[in-house]
Amino acid sequence: MTALETIIIAIVEGLTEFLPVSSTGHMIITQNLLGVESTPFVKAFTIIIQFGAILSVVCLYWNRFFRLNHQPAPAGSTPLQAFLHKWDFYWKLLVAFIPAIVIGFLGKMSGLIDRFLENVEVVAVMLVVGGIFMLFCDRLFNKGSEQTKLTEARAFRIGLFQCIAMIPGVSRSMATIVGGMAQKLTRRAAAEFSFFLAVPTMAAATALDVLQLFFGDEADASWATSDNLMMLALGCVVAFVVALLAMKWFVSFLTKYGFKAFGIYRIIVGIIILALLWSGHSLVMVD
């Protein structure tokens, strides 16, 4: 993989990772258009550069991500309740993350997720189905209120929505944002919580995939040459910068215009993939 191909793929990753358009579908199209072979290094590359996107969330929301609740705990709170009150932000993230830990682990160990990932047609169909849903989801959910308290129950339900994204083509961002809106959060608040939830979710998924690359049944670390490691560093930096810009733009756009434009875009991309498949092109999953 050349430096130019590295930059292009990293740009696509950064642009689509946090948008409700499915980064998986876009990676399929990009790598096939570039003619990049799905080698062990390319597979590792598409996994590891997600760290760049993860860091962009931490950077953009630094003050809100690293925070404790310094308000006094309610009178009569037990030591455990006082502890959870102080660490409220991280506690809610953990609660929302729990469904992905359980369902994701079971799906990964059973091979069900990998079988879905090998089916490009599933990605294309879900892009179209998800796009059609997004044309109408703004009407389905009330705008909610910024003052709505994100309780443990609401956080857990958002986590359940996130699990739907284990079907390739659904989009983790779309699932969690819709889940947040279903819990009466505004589009902005739902999008920002989706970004926060991406950090533990993507970090865990990436760590699991990297461990499998090095220690799994088909482990192969021969791709870890000095040149390839330089490409990985370049990809992470590009993905970080692009994801940072994409998130700032996305929150503003979503707040003003909603999901409709993304729905139309998803439908177009899904139809393109289906057209390529039906015309005899062999699209190989990269993740």
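The closest donor-acceptor contact from the side chain of R154 to the backbone of A182 lies at 3.5 Å or more, if one exists at all. For Y61 (side chain) and F66 (main-chain N/O), no donor-acceptor pair under 3.5 Å exists by modelled atom type. Listed for the S23 side chain is no donor-acceptor partner under 3.5 Å among the backbone atoms of E17. The backbone N or O of A53 lies less than 3.5 Å from a partner atom in the side chain of S56, making a donor-acceptor pair. With hydrogens and angles disregarded, no donor-acceptor distance shorter than 3.5 Å links the side chain of R187 to the backbone of Y257. With hydrogens and angles ignored, the 3.5 Å screen pairs a side-chain donor or acceptor of T255 with a backbone N or O of V251.
Note that CG of D138 is 7.5 Å distant from CG of L254, once rounded to the nearest 0.5 Å. We find the CE-CD1 distance between M134 and I132 to be 12.5 Å, quoted to the nearest 0.5 Å. Summarising the geometry, atom CD1 belonging to I98 is positioned 4.5 Å from atom CG belonging to L94; distances are rounded to the nearest 0.5 Å. Interatomic distance, CZ of F193 versus CZ of F89, reported as 7.5 Å (0.5 Å rounding). Residue L55 holds its CG atom at 12.5 Å from CG of L60, rounded to the nearest 0.5 Å. Rounded to the nearest 0.5 angstrom, T186 OG1 and M181 CE are separated by 9.0 Å.
Here the side chains of L93 and F65 are in contact, with some heavy-atom distance below 4.5 Å. Counting only heavy atoms from C-beta outward, the side chains of V125 and V128 never approach each other to under 4.5 Å. The side-chain heavy atoms of I267 and L135, taken from C-beta on, include a pair separated by under 4.5 Å. You'll find the side chain of W91 stays beyond 4.5 Å of the side chain of K86, heavy atoms only.
Evaluation of the ring-ring contact (aromatic ring centres under 6.0 Å, His included) rule for F259 yields no partner, not counting sequence neighbours.
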Open item on the list: Could you go through I9 and M1, starting from their C-alpha distance and side-chain angles, then the distance that decides it, and tell me whether this counts as side chain to side chain contact (heavy atoms under 4.5 Å, CB included)?
Closed with: CA-CA 10 Å; I9 293 173; M1 190 164 64; 3.6 Å; yes

- [ ] Might you work through the side chain to side chain contact (heavy atoms under 4.5 Å, CB included) test for F18 and M202, ending with a clear yes or no?
- [x] CA-CA 11 Å; F18 296 106; M202 293 168 60; 4.1 Å; yes

Open item on the list: Before you tell me yes or no, could you show the steps for I158 and L185 under side chain to side chain contact (heavy atoms under 4.5 Å, CB included), namely the whole-Å CA-CA distance, both residues' side-chain angles and the distance that decides it to 0.1 Å?
Closed with: CA-CA 11 Å; I158 294 174; L185 298 180; 4.2 Å; yes

Task: Check against side chain to side chain contact (heavy atoms under 4.5 Å, CB included), R172 and S194 - done: CA-CA 8 Å; R172 192 208 65 84; S194 172; 3.3 Å; yes

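Tracing side-chain contacts under 4.5 Å through hydrophobic residues (I, L, V, M, F, W, Y), one reaches V269 starting from L277; they form part of the same cluster. Note on I11: it does not cluster hydrophobically with M230, by side-chain heavy-atom contacts below 4.5 Å among ILVMFWY residues. In terms of hydrophobic clustering, with Ile, Leu, Val, Met, Phe, Trp and Tyr side chains grouped at heavy-atom distances under 4.5 Å, W249 and V21 are assigned to a common cluster.
Across every non-hydrogen atom of S173 and P20, the tightest pair is OG-N, 3.9 Å. In terms of heavy-atom proximity, G131 sits nearest to R266 at N-NE, 3.4 Å. Across A261 and F253, no two heavy atoms sit closer than the pair CB-CZ, 3.9 Å. Residues I49 and T46 come closest through the heavy atom pair CG1-O, 4.0 Å. Shown here for G14 and A246, the closest heavy-atom pair between the two residues is O-CB, 3.9 Å. Residues I103 and M166 approach most closely at CG2-SD, 3.8 Å, considering heavy atoms.
Of the residues V238, T30, V36, the one that meets the side chain to side chain contact (heavy atoms under 4.5 Å, CB included) test with I8 is T30.
A centroid separation of less than 6.0 Å is found between the aromatic rings of F262 and F250.
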